[in-house]
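In what follows, a single structure is set out as structure tokens and then discussed.
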Amino acid sequence: MKKGKKLTALALSLAMCGSLMTACGAKNEPAKETETKAAETTAAAETTAPENAASSEGAGEGTIVASATGFESKFSPFFAANADDQDIVDMTQIYMMYVDRVSNPILKGIEGETRDYNGTPYTYTGPADIEVTENEDGTVFYDINMRDDLVFSDGTPIDMDDFIFSLYVLLDPSYDGSATMYSCPIEGLDAYRGGMETLINLLVKAGKDNTDFTYWDEATQTAFWGEFEPAVDAFVKEIVDYVGAGSVAEAAAQWGYPDLPAEATAMDYFMTMLENYDGDVASMTGTETAGSGMADLMPGYNDYVVGIKTGDSADSISGIQRTGDYSLRIVASELDATMIYQLAQPIAPLHYYGDEAQYDYENNKFGFPKGDLSIVREKTTKPLGAGPYVFNNYADGVVYLDANETFYKGVPATPHLNFIETQEADMINGISSGTIDVANPSYSKQVAEQVAGINGSDALEGDVITTKMIDYRGYGYIGIAAGNVKVGEDPDSDASKNLRKAIATVISAYREQGINSYYGDTASVINYPISNTSWAAPQVTDDGYTVAYSVDVEGNPIYTSDMSDEDKFAAAKEAALGYFEAAGYTVEGGKVTAAPEGAKLEYSVNIGGGGKGDHPTFLILKNAADAFAEIGFTLKVNDLSQAADLYASYQSGVAEMWCAAWQSSSDPDMYQLYHSDGSTNYYMINDEDLDQLIMDARQSTDQSYRKGLYKAAMEIIMDWGVELPIYQRSEATLFSSERVDVSSLPGDLTPYYTWKNEVEAIKAK
């Protein structure tokens, strides 16, 4: 099971840049709408708060205070893991590439590019120009030309060696941070990363009783297991406690590993999970965590994540080619439409995070010993960069930042920016009382009513609070596992598809009613399995746009524009009977009376409403279940009190149906979710035509062409009846109208372009 903290960082990192941390080709991640947040840790500060700092009485003059959920004090551009730490990175660093309001890359950053959004022209700039060349032999050149007048906040000039150093950190065989640039098809990357493995992985694979000391001595092995075993016990205990299990085996089953024996130990469970990650301890523990990673639980962890050479390993990456003091060519061995986003990497200072004495490009030295990032890790809690703000201090849950007077876009209008850890319940009151100036509470009808009440009117933009709404970068859905909801043995048969469409048709009819009840006007029903925030999302005005599951088994529209809600519900039940009959069910007197072989009269759907129905899709399912009962079919709604049970049910392949949400990143690549070999293809869909469309879309950078391919792919997904899109919800950022000059905020905020993108222009009153 993938637990939330690291996943959140992957999905939400770099709204400023788009998708810095996103793997080439793996674009969508589960957004766990009902997940309880894991415990966050905070590091103790080394010094006291600066003079002009936030306190319980509010901020000092010339200061803006923004809310944060919880810091881990990993403010490194290489090792930030959660979203709040990443915010600090974004404030203190610059990136080689940025994106616009719809997440299209800015390739002419030096002079800037002007693009329209909602009828308004906006100009975007960045540190570099990037030219992409597709060659006849299939290789791709990414030529980067950087400005020659950039400096870090300490006054040190920036050149391409700083970026090359940054790339080599991210691509080092021992790198265990969140960035996944190493998954991209960079020429020579496999040869560079091959023949080397981290010491921790080697020690774990060798086992406690190993007697081969080719790569380490016995004392090292003994010391390692003395630390590793207690850390494993603590790591697994967090999972057991999180799911509320009585034993390791019970916790493992709820977490998606159901085959452990009753007497399984923590180490048994740990090793079972590790098998799914090819023995990569960092990757597994960073994903499966219920709160802490091994770095948090094992005091000497950093001593064991050094790379050990075990075979042939290249001294450099042939596809990273320095062409001048301010220019670089990156060569990809093949076209990958998502790789352009990987250029949104930090330009981190070599002189601070690395060692200039160990940098010699011509002699394959890149600022640190290959396989040993210890000097980079030393600076994890104290960032330095060229971003709009300079890190001052972290104390008592507050990060203090000061304006960077050398920032290339100009000195920020507000001298000080603080991020303060804030409970969800305190965010709105914090703005009204003066202790917070910017907050991001979970938006709902209740929040809207509270804001309106504080403003003394029905307006969300008033004298006290100004609310800026954006669509959430993801969507809620109901999944149907083709392998579990089918007729006979073939999930791909017309009968199996008709069974799933019968179920989806009835549920679909109740979507608008349920979403309006839960979200009001802060969410809307969607009809395709993609977030409306994506450039690939079909629009109502597009040719061929249809409402999800709105035609009968003959392809005729189920609804008419003049139908009442009750008429629509009746029409949906009638259409469902037609699908059931086509699936081989016996239909008599307006009811389903018998199921064909391999199918049933009752199916279950799992939903994480905390056992209390607290979920945006709960009312939809309840009403649909009542409707199904009227036609002789049973939809059993399992409202699970533990979110972990929900995730385990569909990730382990046990669930027939489930409710969840996907969180999308900048590129709409579908491989991970819908390709037959996709790592999170929980729908069990296996379609050669769909696979081909997904792969074809990966091999093009023509956005209009790719959009057409994705539309065709989505139609196949809907035809399989494995996913019912439910809702696109909104998010809100609240600003103090009294202490923030709201006229200085960026226009047309989007999930890919927030207030932080133009933080240097925002003024405190």
Side-chain angles (χ1 to χ4, degrees), residues 23-24 78-79 164-165 167-229 231-232 235 267 270-288 293-295 298-320 333 354-355 358-361 363-377:
C24 284
F78 306 111
F79 296 108
I164 292 173
F165 157 74
L167 293 179
Y168 270 91
V169 171
L170 298 172
L171 299 174
D172 190 78
S174 70
Y175 176 74
D176 62 349
S178 297
T180 54
M181 193 176 190
Y182 53 75
S183 66
C184 290
I186 300 173
E187 190 176 85
L189 180 57
D190 289 343
Y192 181 75
R193 288 174 60 84
M196 182 171 278
E197 180 66 280
T198 59
L199 179 58
I200 189 172
N201 289 348
L202 291 172
L203 285 162
V204 172
K205 290 175 184 177
K208 187 176 181 180
D209 298 326
N210 167 67
T211 57
D212 180 359
F213 298 108
T214 302
Y215 299 116
W216 59 84
D217 56 32
E218 187 172 4
T220 297
Q221 180 171 295
T222 301
F224 169 77
W225 285 99
E227 289 191 37
F228 184 68
E229 287 181 310
V232 167
F235 182 85
M267 188 62 72
F270 188 93
M271 292 301 186
T272 298
M273 289 190 289
L274 195 59
E275 290 177 5
N276 285 349
Y277 294 81
D278 297 324
D280 188 339
V281 174
S283 179
M284 187 278 281
T285 58
T287 303
E288 300 282 354
M294 291 300 282
M298 188 174 169
Y301 176 81
N302 287 343
D303 295 333
Y304 300 104
V305 290
V306 295
I308 302 296
K309 190 172 181 179
T310 59
D312 293 335
S313 188
D315 293 329
S316 64
I317 302 168
S318 60
I320 296 180
S333 57
D355 179 359
Q358 297 187 58
Y359 186 91
D360 183 347
Y361 177 83
N363 290 297
N364 300 323
K365 297 172 65 177
F366 303 105
F368 58 93
K370 181 181 178 182
D372 185 357
L373 299 177
S374 57
I375 59 175
V376 182
R377 298 178 195 277

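Values below: every heavy atom of this structure, side chains too, minus hydrogens, waters and symmetry copies.
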Run the numbers on Ile200 and Thr198 for side-chain contact (heavy atoms from CB on, under 4.5 Å), then give the verdict.
CA-CA 5 Å; Ile200 189 172; Thr198 59; 3.6 Å; yes
Run the side chain to side chain contact (heavy atoms under 4.5 Å, CB included) test against [X] and tell me which residues pass, sequence neighbours left out.
| X | answer |
| --- | --- |
| Ala295 | Tyr301 |
| Asn276 | Tyr257 |
| Asp315 | Asn364 |

Taking salt bridge (charged side-chain N to carboxylate O under 4.0 Å, His left out) as the test, write out the residues that go with Lys309, two or more places apart.
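Here no residue qualifies.
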Identify, with sequence neighbours excluded, every residue that meets side chain to side chain donor-acceptor pair (under 3.5 Å) alongside [X].
| X | result |
| --- | --- |
| Trp225 | none |
| Lys365 | none |
| Asp303 | none |
| Ser313 | Lys370 |

Which is it for Trp216 and Leu202 under the side-chain contact (heavy atoms from CB on, under 4.5 Å) test, yes or no, and what are the steps along the way?
CA-CA 10 Å; Trp216 59 84; Leu202 291 172; 3.7 Å; yes
Going by side chain to side chain contact (heavy atoms under 4.5 Å, CB included), Leu373 matches just one of Asp176, Val306, Val169, Asn302. Which one?
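Among the candidates, only Val169 passes.
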Holding to ring pair (Phe, Tyr, Trp, His ring centres under 6.0 Å), I want the full list of residues that pass it with Phe270, two or more places apart in sequence or in another chain.
Phe228, Phe235
State which residues pass ring pair (Phe, Tyr, Trp, His ring centres under 6.0 Å) with Phe165; sequence neighbours excluded, sorted by chain then number.
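Result, ring pair (Phe, Tyr, Trp, His ring centres under 6.0 Å) vs Phe165: none returned.
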How many angstroms lie between CG in Asp280 and CG in Leu274, if you round to the nearest 0.5 Å?
8.0 Å
Could you check Tyr175 against Val305 for side-chain contact (heavy atoms from CB on, under 4.5 Å), going step by step and ending with a plain yes or no?
CA-CA 8 Å; Tyr175 176 74; Val305 290; over 6 Å; no
Indicate yes or no: at least one non-hydrogen side-chain atom of Met181 is less than 4.5 angstrom from one of Ile186.
yes
Can you find a heavy atom in the side chain of Val376 that is under 4.5 Å from one in the side chain of Phe79?
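Side-chain contact under 4.5 Å: yes.
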Test your reading of the model: is there a side-chain donor-acceptor pair from Thr285 to the backbone of Gly293, 3.5 Å cut-off?
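Checking the backbone N and O of Gly293 against the side chain of Thr285, no donor-acceptor pair under 3.5 Å is found.
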N/O donor-acceptor pair under 3.5 Å between Gln221 side chain and Asn210 backbone
yes
Testing Phe368, Phe78, Phe366, Tyr359 one by one against Tyr168 for a ring-ring contact (aromatic ring centres under 6.0 Å, His included), which residue passes?
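Passing option: Phe366.
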Residue pair Ser318 / Gly188: nearest heavy atoms and the distance that separates them:
OG-CA, 3.4 Å
Please, which pairs that meet salt bridge (Lys or Arg N to Asp or Glu O under 4.0 Å) have at least one residue in residues 207-228, sequence neighbours excluded?
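Only Lys208-Glu229 qualify under salt bridge (Lys or Arg N to Asp or Glu O under 4.0 Å).
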Show me the side-chain donor-acceptor pairs of residues 189-197 shorter than 3.5 Å, one per line, residues at least two apart or across chains.
unit_1 : atom_1 : unit_2 : atom_2 : d
Arg193 : NH1    : Leu171 : O      : 3.2
Arg193 : NH1    : Asp172 : O      : 2.9
Glu197 : OE1    : Asn201 : ND2    : 3.0
Glu197 : OE2    : Lys205 : NZ     : 3.2

